[in-house]
Amino acid sequence: MKYDFARIEKKWQAKWEETKPYAAETGSDKPKFYGLIEFPYPSGQGLHVGHPRPFTAMDIVTRKKRMEGYNVLFPIGFDAFGLPTENYAIKNHIHPAVVTRNNIQNFTRQLKMLGYGFDWDRCVDTTDPKYYKWTQWIFLQLFKKGLAYKTTMPVNWCTSCKCVLANEEVVNGVCERCGSEVIRKEKSQWMLAITKYAQRLIDDLDDLDYIERVKIQQKNWIGRSTGAELTFDTNTGDKVTVYTTRPDTLFGVTYMVISPEHPLLKQWKDKIQNWDEVAAYQDAAAHKSDFERGELNKDKTGVRLQGIEVMNPATGEHVPMFVSDYVLMGYGTGIVMGVPGHDQRDWEFATKFGLPIIEVVSGGDVTKEAFVAKDDSAIMVNSGFLNGMTVKEAIPAMKKYVVEQGWGEEKVNYKLRDWVFSRQRYWGEPIPLVNCPKCGWVPLPESELPLVLPQVESYEPTDDGESPLSKMTDWVNTTCPCCGGPAKRETDTMPQWAGSSWYFLRYMDPHNDKELVSKEAEEYWGPVDWYNGGMEHTTLHLLYSRFWHKFLYDIGVVHTPEPYAKRTSHGMILGEGGEKMSKSRGNVVNPNDIVDQYGADTMRLHIMFIGDFEKAVTWSNEAVKGSKRFLDRCWNLMDIAEEGELSQKNEAIIHKTIKKVTEDIDTLKMNTAIAALMTMVNEFYAKGLTKGDLEQLMLLLSPFAPHMVEEMWELTGFAAKYGKMAMQMPWPSFDESKTHEAEKEMAVQVNGKLRSTVVVPADAADDVVIAAACADEKIKRQMEGMELVKTIVVKNKLVNLILKPKK
RNA sequence: GCCGCUGUGGUGGAAUCGGUAGACACAGGGGACUUAAAAUCCCCCGGUAGCGAUACUGUACGGGUUCGAGUCCCGUCAGCGGCACCA
């Protein structure tokens, strides 16, 4: 009989739909396993070939876990708020909710076509008011705890999306999503105080089973640095405070620099003799985009503040002060001390403005460039009491001294900024706050949640940077929940990242209308045991959701401080030619086409076989045939399998393969697991097999090719025999002692070079192996005129004979 | 500039703790079956020399450690990813 994948896949998908073998049971006595994949954004293009890679991998992991006796939660949902849908809606004059519904339907159909074992009854949709009620609820809790605040600040503004962006959404100075220029704009925005959690977000990484590069990238993004804040006296009577990681270089300070945005400048307006010049510089800086301002190798610019002088407490000397845009307002104090001898930026600035350069750490030539010591054993010079110390000694010594003298204090800084949380767009969760002229910002009572997104005529972004909701006067004008007086609703919406920051909790208890998640369900399922997703979300979704989860932990909603016990990441699928798949390149592969031509099981198998899961791989339509061929060969084994239990002749290969597949699935080495299965099948063809042998193959193959295996399971009578589907059987176990062959082929080396091989009994004693090696014809020839001076035997692997010419 | 990762046949990729480099596939070549094609089955497939046994050589490059290095150490080059005027 031919392997008719189209008929078989349809048949089993219908059966699974009906009998729900993937339903997770909250509270079951079995050990739980919660496997999670990043829920997709339901775009209009439908499923991309990139989606099945992580989905299939986690599907295989969870199918194996079920067979190992776990109560598995493997859910799916849709992260459906966001700009592409909104832009499509604007262009085609269809409501975004309608677009979203259609896209979700399409995605659902495609995901079911691939045979994933999702518990569909737990499906969530972030745009469903029953879902975003709780997104809004979490925001209100953040607001009540003072972690959501509104402030006016320069923000990233995408000129094309007409919307603010979080720092994490700006890549190389352009919008992460549309690639348009991002400029800085003063706007009043809702912010979330993620920086309050910076230290915990670093510290708690230590105990998590995340792949190392994710941890490193998160730590770099949070960017912790330790140093000191130093306060200097000025001739105006005001004090200025700087942050430095190198207080030991205080004796080398020859000037100070203040950021153009610093409020102190305005305060000094009357004291700065060249105010007009300074104001002009401030104005110019304000008109530069972040990209222009941050451009590499750019000339240092600045203006000296005439009339302002700062005293260096270490030397008692007065140094000039400048305004320059190389100092950022958002980091440290917005003022830095200039140490041109030992900071390249300061050196460039000092050189340009003719400022003195003092060497305080020896080892370089500060007349040519700043000397930044690579290790901390360089010696301090020209630095009073620090002279002769190494940098390593000088830093703590100076910190201590600074504190004793009352000049400043030790300080930790982070590059992480608070999260800009409002967006001037329609298709997002409304922020459930009301602005009352008397009471200020007032939260909506929780009983009034969800605050449903109103129907509007036009959801186009406005040129004045206000949300489309602002034009809905009926909706905007409301009464204050606090005093009952007239008040206005917040018209900005939440960013795309809001709904995805907690969705994994909703899966645990998706239909609860009383709570975000019940205590019982959360304590049973939490935390997620294994979360796989893309590297591109490391500093966005992954960091944001860890932050929200920690907050929910603090207010007692969840029982663990971290949401995900384990995090792995998959590589991208590239188009033919090794380029990123894109419509414009015309190299996009649609999973539909592969499924139509070869079937879902081939698609699943191939996307796992294609290469190392963590690395990027190039898609090749040609190579798919190999995976189909393998499934055909598995199918055809039914014709040659003889009656009988597990056979003696195949025992070793079967146990070896069970071991390999079991271990490889746990470490996501799906490609080598499949290679091992191929090797076993090749051996079955060479040696013949029994139905008992075939049974083991079917069980091992079941997570990879579930449709075909169930059909084979039925045809070979095992379904009737056990009264279960293959996927419901226990995972095969192996006996370590049976994984070894009775005889081993061992390599024989002479002076480290391979010269021959010999076959000896497994685990043969060293002298037996050496004797066998010396008896080998090829080795005998090598040994002529030589004497054996040493032997090295590696059990079951090789023997190395060290020969020397006879005297 | 800083941090991290990766360099293996024509191609995708395998190689526990340092132990037979190229598993498993794709492509290619040869053969069987067939009127023919597809499918299937068998054989070959890093390079050089040789009919062959075999020998030499080979994991980006240059050194080193070791009985033995794709794997460890030092240096160089190339590519990828992240961060980037963060004081």
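Numbered from 1 within each chain, the chains take letters A, B, ... in sequence-line order.
Nearest to the side chain of A:Ala623, among B:rU20, B:rC26, B:rC67, sits B:rC26. The side chain of A:Asp612 lies closest to B:rA14 when the candidates are B:rA14, B:rA23, B:rG4. Set against B:rC83, B:rA87, B:rG68, the side chain of A:Asn800 has B:rG68 as its closest nucleotide. For A:Phe609, the listed nucleotide lying nearest its side chain is B:rA25; candidates were B:rG4, B:rA25, B:rU20. Checking B:rU20, B:rA23, B:rG82 against every side-chain atom of A:Gln217, the shortest atom distance belongs to B:rG82. With B:rC85, B:rG81, B:rC26 as the choices, the nucleotide that has an atom nearest any side-chain atom of A:Glu622 turns out to be B:rC26. Distance from the side chain of A:Gln749 is smallest for B:rG19 among the nucleotides B:rG12, B:rG19, B:rA87.
Close to B:rU11, at under 4.0 Å from its OP1 or OP2, lies no side-chain N or O of A:Thr618. OP1 or OP2 of B:rA87 sits under 4.0 Å from a side-chain N or O of A:Tyr331. Neither OP1 nor OP2 of B:rA39 sits under 4.0 Å from any side-chain N or O of A:Asn636. Taking only side-chain nitrogens and oxygens, A:Lys625 comes nearer than 4.0 Å to OP1 or OP2 of B:rA27.
Rounded to a whole angstrom, the distance from the C1' atom of B:rG13 to that of B:rG22 is 10 Å. B:rC73 and B:rG82 have their P atoms separated by 27 Å, given to the nearest Å. Rounded to whole Å, the separation between the P atoms of B:rG75 and B:rC3 comes to 13 Å. Only the C1' atoms considered, B:rU16 is 11 Å distant from B:rU71, to the nearest whole Å. Spacing between B:rU65 and B:rG29 at atom C1', rounded to whole Å, works out to 44 Å.
Within a 6.0 Å radius of NZ in A:Lys196, no more than 12 heavy atoms belonging to other residues, nucleotides or ligands are found. Dense packing is recorded around NZ of A:Lys628, with more than 12 heavy atoms of other residues, nucleotides or ligands lying under 6.0 Å away.
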*Using Watson-Crick or G-U wobble pairs with both distances under 3.5 Å, give me RNA chain B in dot-bracket, 5' to 3', with [ ] for crossers and | for pairs to another strand.*
(((((((..(((......[....))).(((((.......))))).((((....))))..(((((..]....))))))))))))....
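The ring pair (Phe, Tyr, Trp, His ring centres under 6.0 Å) test applied to A:Tyr210 returns no partner, not counting sequence neighbours. Applying the salt bridge (charged side-chain N to carboxylate O under 4.0 Å, His left out) rule to A:Asp639 yields no partners; only residues at least two apart in sequence or on another chain are considered. For A:Asp418, the side chain to side chain donor-acceptor pair (under 3.5 Å) partners at least two apart in sequence or on another chain are A:Tyr149, A:Thr195. With sequence neighbours left out, A:Asn220 forms a side chain to side chain donor-acceptor pair (under 3.5 Å) with no residue at all. Not counting sequence neighbours, the partners of A:Asp666 by the side chain to side chain donor-acceptor pair (under 3.5 Å) test are A:Lys64. For the ring pair (Phe, Tyr, Trp, His ring centres under 6.0 Å) test, residues two or more places apart in sequence or in another chain that qualify with A:Trp635 are A:Tyr3. Qualifying ring pair (Phe, Tyr, Trp, His ring centres under 6.0 Å) partners for A:Phe684, counting only residues two or more places apart in sequence or in other chains: none.
A:Ser627 and A:His606 share a side-chain donor-acceptor pair at under 3.5 Å.
Note on A:Leu798: a base of the nucleic acid sits closer than 4.0 angstrom, heavy atoms only. Among the protein residues, A:Ala676 comes within range of no part of the nucleic acid, since none of its heavy atoms lies under 4.0 Å from any strand. Here A:Gly626 lies in heavy-atom contact (under 4.0 Å) with sugar-phosphate atoms only. Within 4.0 Å (heavy atoms only), A:Ser620 reaches no atom of the nucleic acid at all.
Between A:Glu348 and A:Lys300 there is a salt bridge, with a side-chain nitrogen of the basic residue lying less than 4.0 Å from a carboxylate oxygen of the acidic one.
With rounding to whole Å, A:Ile792 atom CD1 is found 17 Å from B:rC17 atom C1'. Rounded to whole Å, atom P of B:rA84 lies 19 Å from atom NZ of A:Lys219. The interatomic distance linking A:Lys656 (NZ) with B:rU16 (C1') rounds to 15 Å, in whole Å. When the P atom of B:rG12 is taken as reference, atom CG of A:Asn621 falls 16 Å away, rounded to whole Å. What separates CG of A:Leu574 from P of B:rG12 is a distance of 12 Å, to the nearest Å. Taking atom CD1 on A:Ile802 and atom P on B:rC67, their separation rounds to 8 Å, with Å as the unit. The distance between atom CD of A:Glu614 and atom P of B:rG4, rounded to the nearest whole Å, is 17 Å. Following rounding to the nearest Å, A:Leu416 (CG) and B:rC83 (P) show an atom-to-atom distance of 13 Å.
For the contact set between residues 664-672 of chain A and RNA chain B, defined by any heavy atom under 4.0 Å, the members are A:Asn671, A:Thr672.
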*asked:* Can you build the contact string for nucleotides 41-48 of chain B? Use B for base contact, S for sugar-phosphate-only contact, and - for no protein heavy atom under 4.0 Å.
replied: S-------
*At under 4.0 Å between heavy atoms, which parts of nucleotides 50-60 of chain B does protein reach? Answer with one letter per nucleotide, 5' to 3': B base, S sugar-phosphate only, - none.*
----SSSS---
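Residues A:Val661 and A:Phe704 meet the side-chain proximity criterion, which asks for heavy atoms closer than 4.5 Å.
Evaluation of atom-type donor-acceptor distances gives no pair under 3.5 Å for the side chain of A:Lys615 against the base of B:rC5.
Annotation: side-chain hydrogen bond (donor to acceptor under 3.5 Å, both in side chains) contacts involving residues 793-803 of chain A, sequence neighbours excluded, comprise A:Asp763-A:Asn796.
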